[in-house]
Each structure stands twice: as structure tokens, then as C-alpha cells.
Amino acid sequence: SDLDALDACVAHCRACERLVEWRERVAVEKRAAFADQTYWGRPAPGFGPPDARILVLGLAPAAHGANRTGRVFTGDRSGDWLYAALHRAGLANQPTSVSVDDGLELDDVRIVAAVRCAPPANKPTPPERDTCAPWLVRELELLKPTLRVIVALGAFAWTSFWPVVGALGGTAPRPRPKFGHGAAVAVPGTGVTMLGCYHVSQQNTFTGVLTEPMLDGIFAQAKALTQM
Ligand code: DU
Ligand code: SF4
């Protein structure tokens with residue numbers, strides 16, 4: 001599909017000097033527990049069917065997660081939470097995501113990161129977000145025919161979406177809608193609803209800011225929106 005072509009293409013991007021340097025350095029230095037593995041060390045493409053009605057929009061690959069395995073949210077603790085929740089919601093065929101050949105398949109969900117290369121301290125800069133935006137634009141253009149719901153994981157993903165809403169033929173409300181867990185905004189000019197969800201990072205899941213019932217509530221809401 002065109003999304004397969006996009007995925008292949010983005011994997012060669014070198015537009016952000018700082019992120020290219022970081023993703024490749026991490027891939028050489030590695031984490032001790034993964035010393036015997038070959039890290040991906042490149043941009044993480046999207047994952048999931050090209051006719052998904054739900055798009056999960058993350059922040060950026062984790063240095064030893066997607067930057068190691070080559071699949072978004074795969075091989076890190078954020079992914080443990082996300083994929084387990086997708087499985088509970090009936091949107092994934094298994095609850096775990098450890099490597100690109102683990103047999104995981106998503107149903108009706110596609111997952112992408114707003115910034116596709118692992119950033120130092122999990123913090124991309126606004127210019128890096130803007131440099132990566134064209135990849136998100138292309139992704140949205142290709143998903144547009146079926147897309148109904150975007151689940152934005154965290155404020156960074158939420159903020160990244162509004163400048164590219166034109167890719168769906170829509171316009172961004174003024175003032176920009178405020179991010180919150182459970183915040184739902186019908187995106188003007190599109191059939192798409194933006195749904196805010198606290199990020200599945202350990203900062204939230206270890207501290208109880210985000211619980212499994214809270215995450216399950218978001219995916220239940222997302223599924224309900226696809227039926228409307
Ligand atoms: O805790 P962790 O799984 O190593 O993730 C670190 C950091 O990266 C956290 O803020 C979540 C974010 N992240 C993401 O947005 N997308 C991914 O695929 C993996 C992690
Ligand atoms: Fe390219 Fe995006 Fe990676 Fe920057 S973050 S190098 S734009 S894929």
C-alpha cells in the first residue's frame with residue numbers, strides 16, 4: 001500500500017541533525033541488557049493497518065524501545081501498557097510487543113509517533129517536531145478515508161496535531177483546544193474526533209497518574225466514536 005511505501009521512505013530520513021546523531025549513538029552504545037542485539041537506530045515507521053479508524057499518536061520512539069526494535073512502542077515499558085490495553089480492548093491479537101517478528105497484529109488501529117526519531121531525554125524540540133510534521137501530514141492524508149478518532153498520548157502529541165489538521169481537510173479551532181485526559185474535540189471540517197489520553201510513560205503509570213481503567217476508558221470511548 002501507499003502506507004507501506006511511506007514507512008519504507010521515512011526510515012531513511014536524516015533531516016534532524018541532533019536526532020540522527022542521538023539515535024545512532026544509542027544504537028552503538030546500547031543498553032547492557034541488549035548488548036547482543038542489533039539496534040534499528042533509525043526513524044520508527046507507523047504500525048497497523050492502512051484502513052484503521054483509530055490512530056494512536058505518540059511522542060517519539062524510546063531510545064531502547066522502538067529505536068532498538070524498529071517498531072513503534074515495541075520493547076519498552078510504555079509499549080507494555082499500550083499494547084496490553086489495545087489487547088484488552090480487542091484491538092490487538094496479543095497483549096505484548098517485543099520485536100517486529102513477534103506475530104502482533106492490530107485491528108482497526110494504526111500507531112505513529114509525532115516525532116519519529118528517539119530524542120535525548122525523550123524530549124524533542126519544537127523545531128524537530130516541525131521538521132517531522134510532513135511525515136505526519138502524509139500519514140494523515142493516507143489514513144483520511146477511514147480515520148475517525150485520534151488518541152493523542154500526552155500533550156506533545158496533542159499539540160503536534162493542530163498545525164497539520166489541514167491534511168484531513170480541517171481547520172484548527174482558535175484558541176487551540178486544551179489537552180486533558182478524556183478531552184474530546186470534534187475536529188472542524190473532518191469526521192475525526194481528537195481524544196486526549198495521558199501518556200503511557202512510566203512517569204504516569206508508575207505514579208498512578210494513569211491507571212489501567214483510565215486507559216481502558218479511552219479505548220472504549222475511541223471504539224464508541226468509530227460506531228457513530
Ligand atoms: O518509559 P519508556 O517506555 O522507555 O518510554 C520513554 C518515553 O518515550 C516516554 O515518555 C514514552 C515515550 N515513548 C513514546 O512516545 N513512543 C514509544 O514508542 C515509546 C516511548
Ligand atoms: Fe526525519 Fe522525523 Fe527523524 Fe527528524 S525526527 S530525522 S524529520 S524522521
Side-chain angles (χ1 to χ4, degrees), residues 1-31 34 37-50 52 55-79 82 97 99-100 106 109-144 147 150-168 172 179 194 199-201 203:
S1 71
D2 289 344
L3 267 177
D4 292 332
L6 173 68
D7 294 346
C9 201
V10 69
H12 295 281
C13 184
R14 306 184 63 84
C16 304
E17 195 180 346
R18 186 183 80 117
L19 300 187
V20 170
E21 199 273 335
W22 179 253
R23 78 194 194 198
E24 293 178 354
R25 179 143 56 98
V26 168
V28 171
E29 293 178 356
K30 305 186 184 181
R31 180 177 282 170
F34 307 127
Q37 298 184 17
T38 301
Y39 275 49
W40 172 245
R42 293 204 210 173
F47 176 57
L55 175 67
V56 173
L57 184 58
L59 165 60
H64 303 279
N67 190 57
R68 171 173 59 92
T69 63
R71 193 172 69 195
V72 65
F73 280 106
T74 296
D76 61 58
R77 291 188 194 275
S78 296
L82 176 61
S97 179
S99 68
V100 289
L106 301 182
V109 183
R110 175 119 174 139
I111 307 176
V112 296
V115 170
R116 298 187 186 223
C117 292
N122 297 315
K123 241 185 117 57
T125 64
E128 286 162 352
R129 179 193 65 210
D130 296 343
T131 303
C132 209
W135 294 113
L136 181 57
V137 165
R138 191 75 190 113
E139 184 92 34
L140 292 171
E141 286 171 351
L142 292 172
L143 285 172
K144 185 173 182 284
L147 188 64
I150 300 175
V151 176
L153 293 180
F156 187 93
W158 179 269
T159 306
S160 299
F161 170 71
W162 302 107
V164 300
V165 63
L168 297 177
F179 171 76
M194 264 300 260
H199 197 285
V200 287
S201 72
Q203 272 176 8

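Start at 1 and go down the list; that is how both ligands and their atoms are numbered. Heavy-atom basis, side chains included; hydrogens, waters and symmetry copies ignored.
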With distance as the sole criterion, is a donor-acceptor pair present between the side chains of Thr74 and Thr69 under 3.5 Å?
no

If you count the atoms of ligand 2 from 1 in the order shown, which ones are under 4.0 Å from a heavy atom of Thr131?
7 (S)

Among protein heavy atoms, which lies nearest atom 2 (Fe) of ligand 2, and at what distance?
Cys132 SG, 2.3 Å

Does atom NZ (Lys30) have a neighbourhood of more than 12 heavy atoms from anything else shown, all under 6.0 Å?
yes

Check ligand 2 against Pro43 and write out every atom of the ligand that is under 4.0 Å from a heavy-atom position of the residue.
8 (S)

Under 4.0 Å from a heavy atom of Val115: which atoms of ligand 2 are those, numbered in the order shown and with their elements?
5 (S)

Relative to ligand 2, is Cys117 under 4.0 angstrom through side chain, backbone, both or neither, heavy atoms considered?
both

Ion pair check, Arg18 and Glu21, cut-off under 4.0 Å
no

Determine, for Arg116 against Glu128, whether the closest basic-nitrogen to carboxylate-oxygen distance falls under 4.0 angstrom.
no

Measure from atom 3 (Fe) of ligand 2 to each N, O or S atom of Cys13 and report whether any distance is below 2.8 Å.
no

To the closest 0.5 Å, what do you measure between CG (Asn67) and CZ (Arg25)?
12.0 Å

Salt bridge check, Arg42 against Asp7: does any charged N sit closer than 4.0 Å to a carboxylate O?
no

Nearest-contact summary for atom 4 (Fe) of ligand 2 - protein heavy atom, Å
Cys16 SG, 2.3 Å

Which of the numbered atoms in ligand 2 are below 4.0 angstrom from a heavy atom of Leu19?
5 (S)

